[in-house]
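The structure appears right after this line, and notes come after that.
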Amino acid sequence: MTFTIATPMLDFFLPYIQKALSSAGIDTDKPIRVEQPSDKKFGDFSTNIALLAARECKRNPRDLALEIIRYLDFPPDTISRVEVAGAGFINFYLAPLFIMRSVEQVLHDGDNYGKGSAGKGKRANVEYVSANPTGPLTIGRGRGGVLGDCIANLFETQGYEVTREYYFNDAGRQMQILGESVQLRYLEKCGKKPEFPATHYQGEYIGEIAEKIYSAHGSTLEECADLTLFRKSAENIIFDSIRKTLHRLGIRHDSFFNEHTLYSPDAAGVAPNQRVINELRQKEFIAEYDGATWFLTTKLGQEKDKVLIKSSGEPSYRLPDIAYHITKFERGFDMIVNVFGADHIDEYPDVIEALKILGYDTGRIKIAINQFVTTTIDGQTLKMSTRKGNADLLDDLIDDVGADATRLFFIMRGKDSHLNFDVELAKKQSKENPVFYLQYAHARICSLLRMALQEAGFEPATCEEHHLLRELSSPAELQLGFALLDYPDMVKTSLRLLEPQKMVEYLHSLAELFHRFYQECPILKADADICKARLFLSIATRQVLRNGFRILGVSAPESM
RNA sequence: GUGCCCGUAGCUCAAUGGAUAGAGCAUCAGCCUUCUAAGCUGAGGGUUACUGGUUCGAGUCCAGUCGGGCGCACCA
């Protein structure tokens with residue numbers, strides 16, 4: 001009797017429940033949902049289908065549940081017990097053999113354990129960071145960057161071909177102001193005292209860029225009215241610094257999409273921006289008044305129309321945004337994900353509406369908005385988004401706490417929650433710091449295996465002995481094994497919710513279960529077969545930790 | 001004023017409409033002659049901001065109130 005362990009686990013139950021329902025002659029359109037009860041005494045898994053179906057069957061939920069379980073027919077050695085409890089829940093208990101066989105599956109699948117095929121042959125575009133090159137990255141941007149990177153990783157686990165994209169504009173008004181800011185600082189280097197407007201970029205980095213220009217050109221540019229050199233220099237230097245900062249966090253983009261390409265005619269001789277206007281006009285959602293061109297969002301129930309082309313003749317940011325998203329459809333992406341901060345909350349509904357009017361399948365678009373970041377230093381909370389000066393630079397934070405802690409802290413809270421980044425905690429090298437707690441579990445396993453090799457000559461390559469795992473039966477072992485079998489579901493859940501935080505929590509509980517197992521079950525001192533089995537269980541745990549760490553972009557140290 | 005997010009243990013946060021609301025930290029009490037004590041075990045701690053509603057069942061959904069955050073440009 002051999003069969004492949006079904007992962008994710010939740011899918012395992014569905015066909016059997018379905019069959020039991022039809023055998024029992026129960027006809028319901030209610031969805032069959034299998035969940036893990038919060039308390040183990042209600043089983044490893046449970047379903048509430050009897051509760052849901054009771055009403056339309058006009059039957060008592062408990063009786064219905066009893067009826068259903070009579071027809072449940074699981075393969076041998078999979079489910080050890082099925083019971084009806086509470087108001088009509090059906091609870092399932094996994095057979096120990098089933099759990100340990102799934103641990104064998106982890107060892108067999110290795111780096112591929114937890115991967116799925118739902119996205120096979122599909123392409124996903126994940127856009128994140130997308131900061132214009134007007135200044136170094138701030139901490140607030142970091143959260144979205146790490147969130148986006150993790151989401152991209154999650155899509156990859158399901159077989160999607162992922163393009164990580166960075167959308168930027170190096171031609172707009174902000175860049176003009178940037179150029180002027182640098183020029184003014186440059187003139188100061190030349191000994192002049194120009195007025196520096198409050199609307200311009202105040203950061204120290206502007207002076208540093210001006211300094212570089214000054215040392216390269218001396219004061220020969222003093223009379224230069226053309227901003228291009230100042231703007232271009234600033235752009236190059238700043239973009240370079242942004243990429244360097246992202247690189248430190250392991251964030252890389254495959255595609256840098258320059259907004260400016262939307263202003264130039266395409267193969268058909270029409271600029272994408274203009275095409276949006278033309279097509280929206282055809283749908284009668286465009287009007288000109290007050291010297292500007294408007295998107296008639298009042299026809300969609302909004303309070304005000306939105307400007308697409310300003311009276312100056314320049315497009316407002318909304319227009320290229322729409323055109324940009326059209327390119328994502330035209331480039332053939334099946335899944336389009338936008339990650340951005342709460343300050344852009346009002347940005348996307350107009351884009352979605354426009355795309356809908358133009359007939360695009362906006363169901364493919366997923367938006368992940370992250371709330372803002374505050375930091376706590378010495379118990380004092382500082383709001384980073386508005387803070388001036390160096391302290392809110394992402395680079396400084398990475399210097400302070402390291403890349404792993406930076407990444408993990410950014411995603412260990414739900415993206416809808418305001419994030420309180422406790423800098424002191426992130427630096428701590430102890431259990432209180434979740435980064436260290438997770439990594440320590442991995443390092444501990446590595447250390448254990450080194451010891452096993454040294455003292456017992458244990459070679460983990462002996463996979464024909466994996467069946468020894470079936471000898472394990474203590475609660476600590478079974479709970480750990482059960483957690484391992486849960487991993488593929490956690491990956492899918494994290495992806496569905498666009499919420500890597502779920503993965504962080506899962507890995508934390510996995511680490512905890514391993515530490516308990518380690519505490520309760522002697523490994524190297526056990527009898528040979530048990531020793532091997534426990535080492536296999538440890539190796540499987542290490543594998544899942546690694547796979548999870550890879551999604552989160554956190555390193556897996558071999559020793560600490 | 002209005003749109004979106006949040007309000008859960010002293011603190012930071014969990015909880016696909018399910019069963020007695022859970023973790024971690026902090027506090028207190030235990031566990032190293034033994035594979036990393038960077039760890040483990042246990043205890044205390046709650047009117048889920050408030051008021052109504054929907055239902056077999058609400059922290060979760062709906063309406064309203066109060067509090068906090070972010071937006072609400074012919075800036076991006």
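Letters go in sequence order (proteins before strands), and every chain restarts at 1.
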Less than 3.5 Å between a donor and an acceptor, one on the side chain of [X] and one on the base of [N], is that the case here?
{"X": "A:Asn48", "N": "B:G18", "result": "yes"}
{"X": "A:Tyr440", "N": "B:A38", "result": "no"}
{"X": "A:Asn91", "N": "B:A19", "result": "yes"}
{"X": "A:Ser509", "N": "B:A23", "result": "no"}
{"X": "A:Lys502", "N": "B:U16", "result": "no"}

Checking contacts here: which listed nucleotide ([options]) is nearest the side-chain heavy atoms of [X]?
{"X": "A:His508", "options": "B:A38, B:G24, B:U36", "result": "B:G24"}
{"X": "A:Ser311", "options": "B:C74, B:A76, B:C35", "result": "B:C74"}
{"X": "A:Arg413", "options": "B:C72, B:C40, B:A14", "result": "B:A14"}
{"X": "A:Met560", "options": "B:A76, B:A19, B:A38", "result": "B:A38"}
{"X": "A:Leu524", "options": "B:C35, B:C75, B:G18", "result": "B:C35"}
{"X": "A:Ile345", "options": "B:U34, B:G3, B:A14", "result": "B:G3"}
{"X": "A:Glu35", "options": "B:G18, B:A76, B:C4", "result": "B:G18"}
{"X": "A:Tyr518", "options": "B:C35, B:A19, B:U20", "result": "B:C35"}
{"X": "A:Arg444", "options": "B:U20, B:C5, B:A37", "result": "B:A37"}

Can you tell me if the side-chain N/O atoms of [X] get under 4.0 Å from OP1 or OP2 in [N]?
{"X": "A:Tyr437", "N": "B:C40", "answer": "yes"}
{"X": "A:Thr47", "N": "B:G18", "answer": "no"}
{"X": "A:Lys310", "N": "B:A76", "answer": "yes"}
{"X": "A:Gln519", "N": "B:C31", "answer": "no"}
{"X": "A:Arg516", "N": "B:U41", "answer": "yes"}

Discussion item. Using the six-membered base ring of B:A19, report whether A:Phe42 stacks on it, requiring centroids under 5.5 Å and planes under 30° apart.
Written reply: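 Answer is yes, a stack.
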
Worksheet item: Using centres under 5.5 Å plus planes under 30 degrees as the test, is A:Phe372 stacked with B:G69?
Response: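 No.
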
Rounded [atom1] spacing from [N] to [M] in Å:
{"N": "B:A73", "M": "B:A58", "atom1": "P", "answer": "42 Å"}
{"N": "B:A37", "M": "B:A15", "atom1": "P", "answer": "32 Å"}
{"N": "B:U12", "M": "B:G59", "atom1": "P", "answer": "22 Å"}
{"N": "B:A21", "M": "B:U8", "atom1": "C1'", "answer": "8 Å"}
{"N": "B:A38", "M": "B:G69", "atom1": "C1'", "answer": "36 Å"}
{"N": "B:C4", "M": "B:U41", "atom1": "C1'", "answer": "45 Å"}

Worksheet item: What is the distance from atom CG of A:Leu537 to atom OG1 of A:Thr541, rounded to the nearest 0.5 Å?
Response: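 Separation between the atoms: 4.5 Å.
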
Practice prompt. Give the stems involving RNA chain B, where a stem is 3 or more consecutive Watson-Crick or G-U wobble pairs (i with j, i+1 with j-1, and so on) under 3.5 Å.
Written response: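 As far as RNA chain B goes, consecutive pairing (with distances under 3.5 Å) yields the stems B:1-7 with B:66-72, B:10-13 with B:22-25, B:27-31 with B:39-43, B:49-53 with B:61-65.
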
Worksheet item: Hey, does the Lys NZ or Arg CZ of A:Arg143 hover above the aromatic six-ring of A:Phe410, less than 6.0 Å from the centre and inside 45° of the axis?
Response: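 No, cation not above the ring by the 6.0 Å, 45° rule.
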
Worksheet item: Does the cation-pi check pass for A:Lys492 over A:Tyr487, that is, NZ or CZ under 6.0 Å from the six-membered ring centre and within 45° of its axis?
Response: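 So A:Lys492 doesn't make the cation-pi contact.
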
Discussion item. If you assign each of A:Gln371 and A:Leu52 to its closest nucleotide in RNA chain B, which residue comes earlier from the 5' end?
Written reply: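 Per heavy-atom nearest nucleotide, the more 5' residue is A:Gln371.
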
Discussion item. Applying side-chain contact (heavy atoms from CB on, under 4.5 Å) to A:Glu165 and A:Tyr128, what does each step give before you reach the verdict?
Written reply: CA-CA 7 Å; A:Glu165 190 153 286; A:Tyr128 55 106; over 6 Å; no

Discussion item. Output the rounded distance in Å from CD1 (A:Ile411) to P (B:A14).
Written reply: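 For the pair A:Ile411 CD1 and B:A14 P, the rounded distance is 13 Å.
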
Which part of the nucleic acid, if any, lies within contact of [X], taking any heavy atom under 4.0 Å across all strands shown: a base, the sugar-phosphate backbone alone, or nothing?
{"X": "A:Glu512", "answer": "sugar-phosphate"}
{"X": "A:Thr134", "answer": "nothing"}
{"X": "A:Ser316", "answer": "sugar-phosphate"}

Discussion item. Do the side chains of A:Arg450 and A:Glu455 get close enough for a salt bridge, i.e. N-O under 4.0 angstrom?
Written reply: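 No.
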
Worksheet item: Can a donor-acceptor pair be found between the side chains of A:Ser509 and A:Glu512 at a distance below 3.5 Å?
Response: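 Looking only at side-chain atoms, A:Glu512 and A:Ser509 do not form any donor-acceptor pair under 3.5 Å.
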
Worksheet item: Is there a donor in the side chain of A:His325 and an acceptor in the side chain of A:Asn338, or the other way round, less than 3.5 Å apart?
Response: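 Present: a donor and an acceptor within the cut-off.
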
Discussion item. If the glycosidic angle sits within 90 degrees of zero it is syn, else anti. Tell me which applies to B:C40.
Written reply: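 The base of B:C40 is oriented anti (glycosidic angle more than 90° from 0).
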
Discussion item. Show, in sequence, the C-alpha distance, side-chain angles and deciding distance for A:Phe13 and A:Phe45, and conclude whether the ring-ring contact (aromatic ring centres under 6.0 Å, His included) test is met.
Written reply: CA-CA 9 Å; A:Phe13 291 94; A:Phe45 292 93; 5.1 Å; yes

